[in-house]
*Asks:* 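The structure follows.
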Amino acid sequence: MSSTWLITGATSGFGRLVAERALAGGAHVIAVGRRRDRLAELAESAPHGQVTPVALDLTAPDAQDVLAEAVRSAGGLDVLVNNAGYGLFGAVEQVDADAARAIFDTNVLANLTVLRATLPALRAARGRILQTSSLIGQFAWPSSGVYSASKGAVELISEALAHELAPTGVKVTIIEPGTYATEFSTSLHVVAPNDVYLPTVGQFLTDFAALPPQAFGDPDTVADAIMAVAELDEPPLRLAVGADAVEHIRASLRSRLAELDRWEHFPRVPAGERA
């Protein structure tokens, strides 16, 4: 019996690559995205009925109901790839309230909407949840503060979810890709730095823009990793994909441990001696 996958952000990037692989393996794919034309292309490339295209803005008020109905119509759900999201680079101070709210609506609140819509079916199937984060969901670069905060929220939500679902048999894995050559990397929302942030944010953005093509990994690597981890009996909670992701996350963790060790015995004034 074939499995059923629900993939958000299925029209491009990692989502599209995973959808193609799942279809090649005989899965039924509930493909969710905003681009009707690309969903139609995906459906046309697969055997009739193997794709259920769902053209949907995941921030819409009825998104949860639409997704739940798609899962019910499919007869259940085995794998969720919660992948939709977009990037925003800019100094923390310069990212206005509307832009910050919009990225949290898409990267965090919509992620929760998808979970609420799919978890009953995933529990019934003892299924798999793959949450797409980023290497900078573990730390922040100059310019990535608000985006990293949104992915950090996904990381902690997913960690709690893994604990909460452990007795049900549902497995959760957070995918932390490095820098890859997808449409994501070429369609970032960027807030140009003002004079205050030119030495930090400006320099980082300049250096990032100057990276050679070989600095961006093959996105097929991430899609292959997602497919492989979905098959593991005991998958990891976090999976860093790409040498740069492993290198930068390890360096961040070492720095945090060193800081923890350094300040572990920082003097504290007893409560009774405070003025």
*Asks:* Please tell me if the side chains of Val229 and Ile175 come closer than 4.5 Å, counting only heavy atoms from C-beta onward.
*Replies:* yes
*Asks:* Does a side-chain heavy-atom distance below 4.5 Å link Ile174 with Leu237?
*Replies:* yes
*Asks:* What are the two closest heavy atoms between Ser252 and Phe139, and how far apart are they?
*Replies:* OG-CB, 3.4 Å
*Asks:* For the residue pair Ala84 and Thr8, what are the closest heavy atoms and their distance?
*Replies:* N-OG1, 2.9 Å
*Asks:* Which pairs count as side-chain hydrogen bond (donor to acceptor under 3.5 Å, both in side chains) when at least one residue sits in residues 42-55, sequence neighbours excluded?
*Replies:* His28-Thr52
*Asks:* Indicate whether any N or O donor in one side chain lies under 3.5 Å from an N or O acceptor in the other, for Asn107 and Ser150.
*Replies:* yes
*Asks:* Would you check if Arg21 and Asp220 make a side-chain contact, meaning some heavy-atom pair closer than 4.5 Å?
*Replies:* yes
*Asks:* To the nearest 0.5 Å, tell me how far Leu130 CG sits from Lys171 NZ.
*Replies:* 13.0 Å
*Asks:* If we only count heavy atoms from C-beta on, is the Leu119 to Arg123 side-chain gap below 4.5 Å?
*Replies:* yes
*Asks:* Heavy-atom distance under 4.5 Å between the side chains of Trp141 and Leu135, does that happen here?
*Replies:* yes
*Asks:* I need the Tyr197 OH to Ser143 OG distance, nearest 0.5 Å.
*Replies:* 12.5 Å
*Asks:* Under 4.5 Å between side-chain heavy atoms, chaining through other members, with only Ile, Leu, Val, Met, Phe, Trp and Tyr counted: pull out the rest of the cluster around Leu198, sorted by chain and number.
*Replies:* none
*Asks:* Looking at Arg126 and Asp78, is any side-chain nitrogen of the basic one under 4.0 Å from a carboxylate oxygen of the acidic one?
*Replies:* no
*Asks:* Under a 4.0 Å threshold between the charged nitrogen and the carboxylate oxygen, would Glu259 count as salt-bridged to Arg262?
*Replies:* no
*Asks:* Taking ILVMFWY side chains as joined if any heavy atoms are under 4.5 angstrom apart, and letting links pass through other members, which residues group with Leu39?
*Replies:* none
*Asks:* Which pair of non-hydrogen atoms, one from Ala10 and one from Ala31, has the smallest distance, and what is that distance?
*Replies:* CB-CB, 3.8 Å
*Asks:* Is it true that the side chains of Asp105 and Thr59 contain a donor and an acceptor less than 3.5 Å apart?
*Replies:* no
*Asks:* Does a side-chain heavy-atom distance below 4.5 Å link Asp96 with Val191?
*Replies:* no
*Asks:* Any heavy-atom pair between the side chains of Leu115 and Ile129 that's under 4.5 Å?
*Replies:* yes
*Asks:* First locate atom CZ of Phe216, then atom CG of Leu211, and finally report the distance between them rounded to the nearest 0.5 Å.
*Replies:* 5.0 Å
*Asks:* Could you check whether Glu176 pairs with Lys151 (Lys NZ or Arg NE/NH1/NH2 to Asp/Glu carboxylate O, under 4.0 Å)?
*Replies:* no
*Asks:* Using a strict threshold of under 4.0 Å (side-chain N to carboxylate O), is an ion pair present between Arg128 and Glu231?
*Replies:* no
*Asks:* Decide if the gap between the ring center of His189 and the ring center of Phe89 is smaller than 6.0 angstrom.
*Replies:* no
*Asks:* Answer yes when Asp65 and Arg116 have at least one side-chain N-carboxylate O distance shorter than 4.0 Å, and no when they do not.
*Replies:* no
*Asks:* Which atom names give the shortest non-hydrogen contact between Ala153 and Val108, and what distance separates them?
*Replies:* CB-CG2, 3.9 Å
*Asks:* Taking side chain as C-beta onward, heavy atoms only, is Leu58 less than 4.5 Å from Thr106?
*Replies:* no
*Asks:* Is it the case that atom CG in Asp62 sees more than 12 heavy atoms from other parts of the structure closer than 6.0 Å?
*Replies:* yes
